[in-house]
Amino acid sequence: MSYFINVILPIPLDKEFTYSINKTEAAFLQPGMRVAVQFGKSKIYAALVTKVHQNPPLVYEAKEIEHILDESPIVTQHQLELWSWISNYYMCTKGEVMRAALPGAFLLESETIILKNEKSLFDESLLKDDEFLIYEALQYQSLLRIQEVMNIVGKKNVLPVIKRLIEKEVITVQEEIYEQYKPKIVRYIRLNTTYTKEEALRDLLDTMTRAPKQRKVLMHLFTLQAQATKPIKVNELIKTSNSSAAVIRALVDKNILDEYHLQTDRVQYTGEVTENTKQLSEYQHKAYEEIKHSFETKDVCLFHGVTSSGKTEVYVKLIEQAIQKEEQVLYLLPEIALTTQLISRLQEYFGEKLTVYHSKYSVNERVEAWNNVKTKKSKAQVVIGARSAIFLPFTNLGLIIVDEEHENTFKQYDPAPRYHARDTAIVLAKMFCAKVVLGSATPALETYYNARQKKYGLVQLTRRYGDVLMPDINLVDIKTKYRKKEMTGHFSDTLLTGIHDALKEGEQVILFQNRRGYSPVVECNTCGHSPQCPNCDVSLTFHSYRNQLRCHYCGYHIAMPQKCMACDSVDLTTKGFGTEQIEKELQELFPDHNIGRMDQDTTRGKHGYEKIISRFEEGDIDIMVGTQMLSKGLDFRNVSLVGIMNADNLLNFPDFRAHERSFQLMQQVAGRAGRTKKRGKVLIQTYNPFHQILQQVSVNDYSGMFTDQIEERHQYKYPPFYKIIKITGKHKDYNRVNEATNWLAKSFRNVFNENVLGPEFPPVSRIRNQYHKNIVIKIPQGQSLNKTKEVIKKINTSFKSIKEFSGVRVIINVDNY
DNA sequence: AGCACGCCGACT
DNA sequence: GTCGGCGTGCTC
Ligand SMILES: [Zn+2]
Ligand SMILES: [Zn+2]
């Protein structure tokens, strides 16, 4: 009898593949384990077993697996189910989901290495130039990688040369598999058991009079043992005895000491756990009770609490309850909100029960977190993480909290799977019959709509913690101010007075400048030319920190030119104002105060962000200018004034969510003001103070905003009334993209009629030398999602078989944000 | 996604 | 005439 397995490979192919295994392997392998398999000519991948069976493939011979990689499944049945859901719903392959879901260390991939052929003799003179170069390099290096060979011969296509050398028996090639996860091993030391008896030990010490250093080490070992019964690390002993590794080595060699190894986790919490959690305020407690009550009838609850209302404490109470029931908890946050501030706050509550899962952690740390969740270790009972944390192997999930649920960064944009972590979390919760709390001060329209429709529970917390008042928000009409000449640079007199007042009181100020649309570009005053990216359809933006012009899309950069590239004029200006411009103006307006800037530039580097935050917290910075980054959950106590430099560029963004997002962003930024007793002040500069959204922002009218916006969504056929799927065609040839997307749109229109928009070029139509063109399909509520997707897939398949369109990549984005 | 096979321009 | 460019198609 022969045995087979079906596997998922971490590549964008729709099929599962079948490999052959022997009887022993069949008895051992289970779905969720990894095997190393050869795929194609030589490449080796880690594949994930989905099924063990005995049905031989009919039309091909299945290859044998290389070897088994796991002793037990690393992926649970629930996860495989979730992967299936994601690949169906978001229209991508399971391989793509696998790639996104598994920590990098689980995805081994082989690399071809070149070795010299020791056995054969050959005539060096028969080698061609490039062949000889490789041969020569192998005399000095035991192995070469493909990349190194490319460097040696100075060209990209090196496979023919390598092939010739194999034929001439000069070299051999091998597939090297990267070492996967490396457990961290710590060396410990203890006294050899021979000397546990008192007299043996005394004899030993007597004989050691001529080795004072070794004797000293032993004495320190005894002291350490006396202090606590825990194992003693080699490093610890070296340090306390002020000795060296050599001395220890000698003692081990003499069999006086024994060295032993223990595997340990890289991330360990050592702090104290504050026993008593913070007392909830009356209103917080009421919200907590309401959420619990809502869970009796509904699985998902929207927790709408204004900024600074203390939502986190309510979450903490809910988490504690889940912990008591021995359930696992997942706490999802947007990446930017996952600050050290918040992590240490939660650590005080949950101590070592808290695990952080974050892309900035090393691959090994992530594997450890994965394993701890999988084995239900208590140290991973509460997991806090950004969107990818939904992929962890929970076995007993009881509660998911999605904080700042309105944030669009929960949606992965590129590459596939283009999933929304909030929506996927709800599906995940359903598998475990777990409860979900969606928290936000400014819920997404979709979420609030679901709550209004009674699909989700709704709990509101309208008071700030400690009865701090909501900030006082005022709109400043800069159109009038410009006309009346009451503007200084980008500052209205109102805003300047506000800043002066705050600084006089020793309070801090935050100024918000939207990132989008206001990157500083260089423009020639003579001919109007501004330098463009050669690969993308955008102007290069000026970065003063390196005096460079850069492209945001492809990373292309050049030194800041001294004269216009078109007309050689030296009269160049930087146009558009970003945070840098504001910072510069502030330095002139307030020379006696420290100005800080928080944007992509100043927060780069591992601790860049934290550094600037703590400077602000410590009062080292008086005025902070920043982008979006400022709006996220940071708790600055001493900020009394928040200024929004220009609200209009937010509102005018060409996207059906622009108004909703502007409201959310402005409310969040405004929420940074006056978090303690004194009422905070917010000034919003705009050319259009009568704009409905701005009016609603100024009076904290979320529900007014909701009513207006939901009406517009309804009228213009947008979510939550219609689902949308965006289809993008990509190719380096402009005409081919045009024709291809026209064909696609026409085919879609044949089925979906007026519910197809486009094709249309996006604002930036060329990125990395690829033209993009979008089609949007709107799906009305009665229309079957699955059938719609089937149609899209079918049309896509026909599309692929058309010769003229070959090479055009089609990207499908479900629930495009 | 890789990676091989296969067909056309430009350099020894 | 070969070398190397990339378009086409398959991978258990
Ligand atoms: Zn010019
Ligand atoms: Zn570019």
Side-chain angles (χ1 to χ4, degrees), chain A residues 2-22 25-26 29 34-67 87 92-100 102 104 107-114 127-131 133-134 145-147 149-150 153-167 173-178 414-418 730-733 736 740 768-770 797 799-812:
Chain A
S2 44
Y3 297 85
F4 302 92
I5 47 169
N6 285 1
V7 296
I8 304 173
L9 285 160
I11 44 180
L13 289 173
D14 233 349
K15 308 184 205 95
E16 288 193 352
F17 289 82
T18 305
Y19 283 84
S20 124
I21 50 172
N22 63 36
E25 289 165 336
L29 280 172
R34 293 172 309 144
V35 288
V37 296
Q38 194 188 76
F39 185 67
K41 260 271 153 72
S42 56
K43 195 116 192 180
I44 291 168
Y45 288 97
L48 196 84
V49 179
T50 58
K51 200 178 157 193
V52 184
H53 62 89
Q54 300 196 341
N55 317 318
L58 299 171
V59 288
Y60 58 88
E61 185 82 14
K63 273 187 192 164
E64 282 177 23
I65 65 166
E66 294 289 316
H67 54 268
S87 76
C92 63
T93 70
K94 283 188 191 172
E96 287 167 325
V97 183
M98 175 178 170
R99 204 174 256 290
L102 293 184
L107 293 164
L108 58 115
E109 233 173 84
S110 67
E111 190 184 1
T112 308
I113 54 168
I114 291 126
L127 296 179
K128 288 193 222 164
D129 284 356
D130 50 359
E131 292 170 4
L133 283 174
I134 298 169
R145 285 157 209 287
I146 298 284
Q147 188 57 51
V149 175
M150 286 179 187
V153 297
K155 58 185 173 190
K156 243 166 58 184
N157 188 5
V158 292
L159 289 145
V161 192
I162 291 169
K163 224 167 119 185
R164 288 199 302 272
L165 284 168
I166 297 169
E167 276 161 19
V173 290
Q174 247 178 51
E175 286 298 302
E176 184 192 58
I177 301 173
Y178 286 124
D414 214 33
R418 300 180 171 79
K730 257 198 210 176
H731 195 268
K732 65 177 191 292
D733 181 47
R736 200 181 283 213
R768 292 173 191 271
N769 275 323
Q770 300 257 310
T797 312
F799 174 82
K800 278 186 198 148
S801 62
I802 300 173
K803 272 246 160 62
E804 304 98 276
F805 303 147
S806 79
V808 178
R809 323 250 295 135
V810 174
I811 292 153
I812 303 177

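The basis for the numbers below is simple: all heavy atoms, side chains too, and nothing from hydrogens, waters or symmetry mates.
Within the structure, every side-chain polar atom (N or O) of A:K732 is placed at least 4.0 Å from both OP1 and OP2 of C:dC6. Residue A:Y60 has no polar side-chain atom (N or O) positioned under 4.0 Å from OP1 or OP2 of C:dC12. At C:dT8, one or more side-chain N or O atoms of A:S806 fall inside 4.0 Å of OP1 or OP2 (strictly under the cut-off).
In this structure, A:Y19 places its OH atom 11 Å from P of C:dT11, rounding to the nearest Å. Following rounding to the nearest Å, A:K15 (NZ) and C:dG9 (P) show an atom-to-atom distance of 14 Å. Per the geometry, CG belonging to A:L13 stands 11 Å off C1' belonging to C:dC12, to the nearest Å. Following rounding to the nearest Å, A:H53 (NE2) and C:dC12 (P) show an atom-to-atom distance of 15 Å. Atom NE2 in A:H731 sits roughly 13 Å away from atom P in C:dC6 (whole-Å rounding). If you measure from atom CG of A:L9 to atom C1' of C:dC10, you get 14 Å, rounded to the nearest angstrom. For the pair A:N55 CG and C:dC12 C1', the interatomic distance rounds to 14 Å; values are reported in whole Å. Atom NZ in A:K43 sits about 16 Å away from atom C1' in C:dC10, given to the nearest Å.
Both A:K41 and A:R809 lie close to DNA chain B; mapped to their nearest nucleotides by heavy-atom distance, the more 5′-ward contact belongs to A:R809. In terms of position on DNA chain C, the residue among A:G807 and A:D130 whose nearest nucleotide sits closer to the 5' end is A:D130. Along DNA chain B, the nucleotide nearest A:K163 and the nucleotide nearest A:I11 are compared for position; the residue whose nucleotide lies closer to the 5' end is A:I11.
For DNA chain B, the outermost nucleotides in 5' to 3' order that have an atom under 4.0 Å from a heavy atom of chain A are B:dA1 to B:dC5.
Note on A:R99: nothing from the nucleic acid sits closer than 4.0 angstrom, heavy atoms only.
Of the listed residues (A:Y60, A:Y45, A:F39), just one forms a ring pair (Phe, Tyr, Trp, His ring centres under 6.0 Å) with A:F17, and that residue is A:F39.
Looking at residues two or more places apart in sequence or on another chain, you find a side-chain contact (heavy atoms from CB on, under 4.5 Å) between A:R164 and A:K128, A:D130, A:E131, A:P160, A:V161.
Atom NE2 of A:H67 is separated from atom CD1 of A:I44 by 7.5 Å, given to the nearest 0.5 angstrom. In this structure, A:E175 CD and A:K43 NZ are separated by 7.5 Å, a value rounded to the nearest 0.5 Å.
Counted within 6.0 Å of NZ on A:K63, heavy atoms from surrounding residues, nucleotides or ligands total more than 12; the atom is thus considered enclosed.
Between the side chain of A:R99 and the main chain of A:P417, no donor-acceptor pair closer than 3.5 Å is present. In this structure, A:Y19 contributes its side chain and A:E66 its backbone to no donor-acceptor pair below 3.5 Å.
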